[in-house]
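Nothing fancy with the numbering, it's 1 onward along the sequence.
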Amino acid sequence: MNTQRTLFKGGTILTLDAKVPNLAVGDVLVQDGRIAAVGPALQAADAQVIDAAGHIVMPGLVDAHHHMWLGVMRRMMPNVDDLFAYIDVVAEQLGAHYRPLDMYLSTKLTAAASLDAGITTIIDACHSSRSPEHTDAALDALDTTGIRALHMVGAAMDKKASATHLPGDLQRLAHNWNNADSLVHVGLFGQLNLDWWKVARGLDMRILTEFIGDLAKLGPEFAKPRVLGTHNIFNHCTRVPQETWKLLADAGVNITVNPRSDALFGFDDETFAYQQAVDHGLTPALGIDLDTAFGSDMFGEMHALFGQQRSAMRYRRFRGEADAPAPISVEEVLKAATVNGARAAGLEDQIGTLTPGKQADIIMVRTNGIAVFPVTNAIGTIVQAVERADVDTVMVAGQLRKRNGQLLGMDLSKLNADVTASRDYLIEASGYRADLFGAAA
């Protein structure tokens with residue numbers, strides 16, 4: 001039988017699995033798309049060898065919440081702090097003119113940029129599924145890039161859009177994509193529509209809800225048995241009442257937070273959604289959320305989480321709260337960007353750690369950069385020093401997607417031209433005024 005084997009040789013190994021030791025110098029053997037072994041001085045004479053000396057080898061990052069369809073709107077609204085002004089631009093003005101082509105290009109751009117930054121899995125929160133054709137375009141883009149993704153199909157936000165194809169289209173999508181061999185799966189961006197939830201649950205889909213305490217509440221119907229559970233993903237969860245946190249925790253839902261985006265819009269306060277989730281026994285994951293002000297960079301989210309949690313909890317301590325939570329550790333931050341994200345996506349048994357038998361979603365990070373060396377604490381280096389430019393190699397399910405700092409199999413010049421043309425079309429069709437140097441929202 002022909003086998004494909006790759007050996008990451010002589011690197012610093014971060015497994016994030018308590019049962020698989022980290023190694024100051026060690027190897028990771030990949031065979032047929034899975035991790036075959038982790039240990040010192042592994043022997044694999046017939047394997048492709050990747051010299052990992054001077055690198056940290058670790059699980060791929062998981063972006064647990066990203067509106068990938070906003071890719072062509074990168075930094076269009078860098079200063080926005082009004083949620084409804086944001087929705088007006090991205091949905092009512094520009095989103096209303098999206099063609100399937102624009103959906104494809106935006107999603108492909110976000111996926112490519114994510115792979116480049118060491119993100120191997122994304123939960124794609126698509127609140128712009130305007131038609132089955134738009135959904136197919138997004139899924140094709142994900143499939144083409146080779147990233148692992150959970151694409152959450154949701155109604156478009158603008159008033160011109162129709163959602164008559166939902167939730168009926170979910171059955172077709174589940175049949176086409178939700179199989180064991182696919183890197184791309186489909187779920188429902190269902191908000192609080194229980195009729196849609198029932199359809200998704202019947203298809204064994206995960207269900208995403210964006211939840212801001214100032215704007216939404218859970219009625220008594222959500223406390224009924226089997227309504228909430230591990231199939232649910234709640235994003236943001238800012239300024240949520242304690243009784244609601246208890247309901248979410250008792251049901252074991254998944255929580256995702258977006259440190260930079262939640263701060264941008266002023267969603268959060270010193271109660272801090274990440275900390276609330278932890279205090280209630282949950283395992284919050286990190287998402288990037290949007291490209292209109294940020295981009296595909298989980299290192300930025302880790303920096304923000306570390307700083308924000310410490311700032312908020314120390315403020316509570318200095319204010320006189322004797323039982324204020326302890327400051328966050330770099331280990332907890334890295335788990336939020338890997339293990340917890342895998343759990344949110346329903347993939348905890350497949351990815352998130354370097355565990356023999358799991359899928360080989362692996363990144364290798366250079367440590368010879370002037371901002372990085374010397375490496376005295378490997379986890380601290382990843383969380384506090386490394387940037388996307390330090391990501392040397394990216395592997396998804398055993399397939400190399402980036403090597404020696406370069407994405408593989410992608411014509412970036414063509415992608416640039418196509419994405420720019422898409423943006424220009426949307427601006428012209430909508431009449432939106434974009435100013436290169438202006439005081440952008």
Checklist entry - When you look at CG of D82, are more than 12 heavy atoms from neighbouring residues, nucleotides or ligands closer to it than 6.0 Å? => result yes
Item to check | S106: side-chain contact (heavy atoms from CB on, under 4.5 Å) partners, not counting sequence neighbours | outcome: V72, Y98
Next on the checklist: Which residue is it: F267, F211, F265? I am looking for the one with a ring pair (Phe, Tyr, Trp, His ring centres under 6.0 Å) to H236.
Outcome noted: F267
Next on the checklist: With ring pair (Phe, Tyr, Trp, His ring centres under 6.0 Å) as the test, pick out the partner of H127 among H151, H67, H65.
Outcome noted: H67
Checklist entry - Which pairs pass salt bridge (charged side-chain N to carboxylate O under 4.0 Å, His left out) with one or both residues in residues 229-239, sequence neighbours excluded? => result D214-R239
Checklist entry - When rounded to the nearest 0.5 angstrom, what is the spacing between CG in N254 and CG in N235? => result 11.5 Å
Item to check | Contacts of R403 that satisfy side chain to side chain donor-acceptor pair (under 3.5 Å) - sequence neighbours left out | outcome: D392, T393
Checklist entry - Going by heavy atoms in the side chains, are P132 and R172 under 4.5 Å from each other? => result yes
Checklist outcome for this item: Taking every heavy atom of S422 against every heavy atom of D102, the minimum-distance pair comes out as OG-OD1, 2.7 Å
Item to check | Side chain to side chain, L248 and L218, heavy atoms closer than 4.5 Å | outcome: yes
Item to check | Qualifying residues under side-chain contact (heavy atoms from CB on, under 4.5 Å), relative to A249, sequence neighbours excluded | outcome: H280, L282
Item to check | Taking every non-hydrogen atom, the tightest pair across I288 and S261 | outcome: O-CB, 4.3 Å
Checklist entry - Measuring from H55:NE2 to M364:CE, what's the distance to the nearest 0.5 Å? => result 4.0 Å
Checklist outcome for this item: Sequence neighbours excluded, the answer for side chain to side chain donor-acceptor pair (under 3.5 Å) partners of H231 is R201
Item to check | Result of checking L14, I13, T12, L16 against N22 for side-chain contact (heavy atoms from CB on, under 4.5 Å) | outcome: L14
Checklist entry - Is there any salt bridge (charged side-chain N to carboxylate O under 4.0 Å, His left out) pair reaching into residues 251-274, and which pairs are they, with sequence neighbours excluded? => result R260-E301, E270-R319
For residues 373-384, dump all side-chain donor-acceptor pairs below 3.5 Å to protein atoms at least two apart in sequence or in another chain.
residue : atom : partner : partner atom : Å
N377    : OD1  : I379    : N            : 3.2
N377    : OD1  : G380    : N            : 2.7
T381    : OG1  : N377    : O            : 2.8

Next on the checklist: More than 12 heavy atoms of other residues, nucleotides or ligands under 6.0 Å from CD of Q171: yes or no?
Outcome noted: no
Checklist outcome for this item: Rounding to 0.5 Å, atoms CZ (R5) and CD (Q48) come to a distance of 12.5 Å
Checklist entry - Quick one: are S128 and H134 in side-chain contact, heavy atoms under 4.5 Å? => result no
Checklist entry - Only one of D279, T271, V240 forms a side-chain contact (heavy atoms from CB on, under 4.5 Å) with W245, so which one is it? => result V240
Next on the checklist: Return the CG to OG1 distance between D124 and T110, rounded to the nearest 0.5 Å.
Outcome noted: 8.0 Å
Next on the checklist: Quick check: do K402 and L115 have side-chain heavy atoms less than 4.5 Å from each other?
Outcome noted: no
Checklist entry - In chain order, what residues pass the salt bridge (charged side-chain N to carboxylate O under 4.0 Å, His left out) check against R316, with sequence neighbours excluded? => result E321
Next on the checklist: Atom CZ of residue position R310 - does it have more than 12 heavy atoms of other residues, nucleotides or ligands inside 6.0 Å?
Outcome noted: yes
Checklist outcome for this item: For S296 and A117, the nearest pair of non-hydrogen atoms, with its separation, is O-CB, 3.3 Å
Checklist entry - Yes or no on side chain to side chain donor-acceptor pair (under 3.5 Å) for Q350 and R148, after CA distance, side-chain angles and deciding distance? => result CA-CA 11 Å; Q350 293 293 312; R148 193 183 300 274; 5.8 Å; no
Checklist entry - So does D27 pair up with K9, basic N to acidic O under 4.0 Å? => result yes
Checklist entry - Do M395 and F8 touch side chain to side chain, with heavy atoms closer than 4.5 Å? => result yes
Checklist outcome for this item: Hits for side-chain contact (heavy atoms from CB on, under 4.5 Å) against V25, two or more places apart or cross-chain, chain-then-number order -> none
Item to check | Contact check, side chains of D136 and P100, non-hydrogen atoms, under 4.5 Å | outcome: no
Checklist outcome for this item: With sequence neighbours left out, the residues meeting ring pair (Phe, Tyr, Trp, His ring centres under 6.0 Å) with W177 are none
Checklist entry - Taking T338 for the side chain and P59 for the main chain, is one N or O donor matched with an acceptor at less than 3.5 Å? => result no
Checklist entry - Taking C-beta and beyond as the side chain, do F272 and L305 meet within less than 4.5 Å on heavy atoms? => result yes
Checklist entry - What residues form a side chain to side chain donor-acceptor pair (under 3.5 Å) with K108, not counting sequence neighbours? => result none
Item to check | Under the side chain to side chain donor-acceptor pair (under 3.5 Å) test, residues paired with D250 that sit two or more places apart | outcome: K246
Next on the checklist: Test your reading of the model: is there a side-chain donor-acceptor pair from N232 to the backbone of G229, 3.5 Å cut-off?
Outcome noted: yes
Next on the checklist: Is the shortest side-chain heavy-atom distance between H185 and M205 below 4.5 Å?
Outcome noted: no
Item to check | D17 side, atom CG; T355 side, atom OG1 - distance, nearest 0.5 Å | outcome: 3.5 Å
Next on the checklist: Any side-chain to backbone donor/acceptor pair from Q191 onto E210? Under 3.5 Å, distance only.
Outcome noted: yes
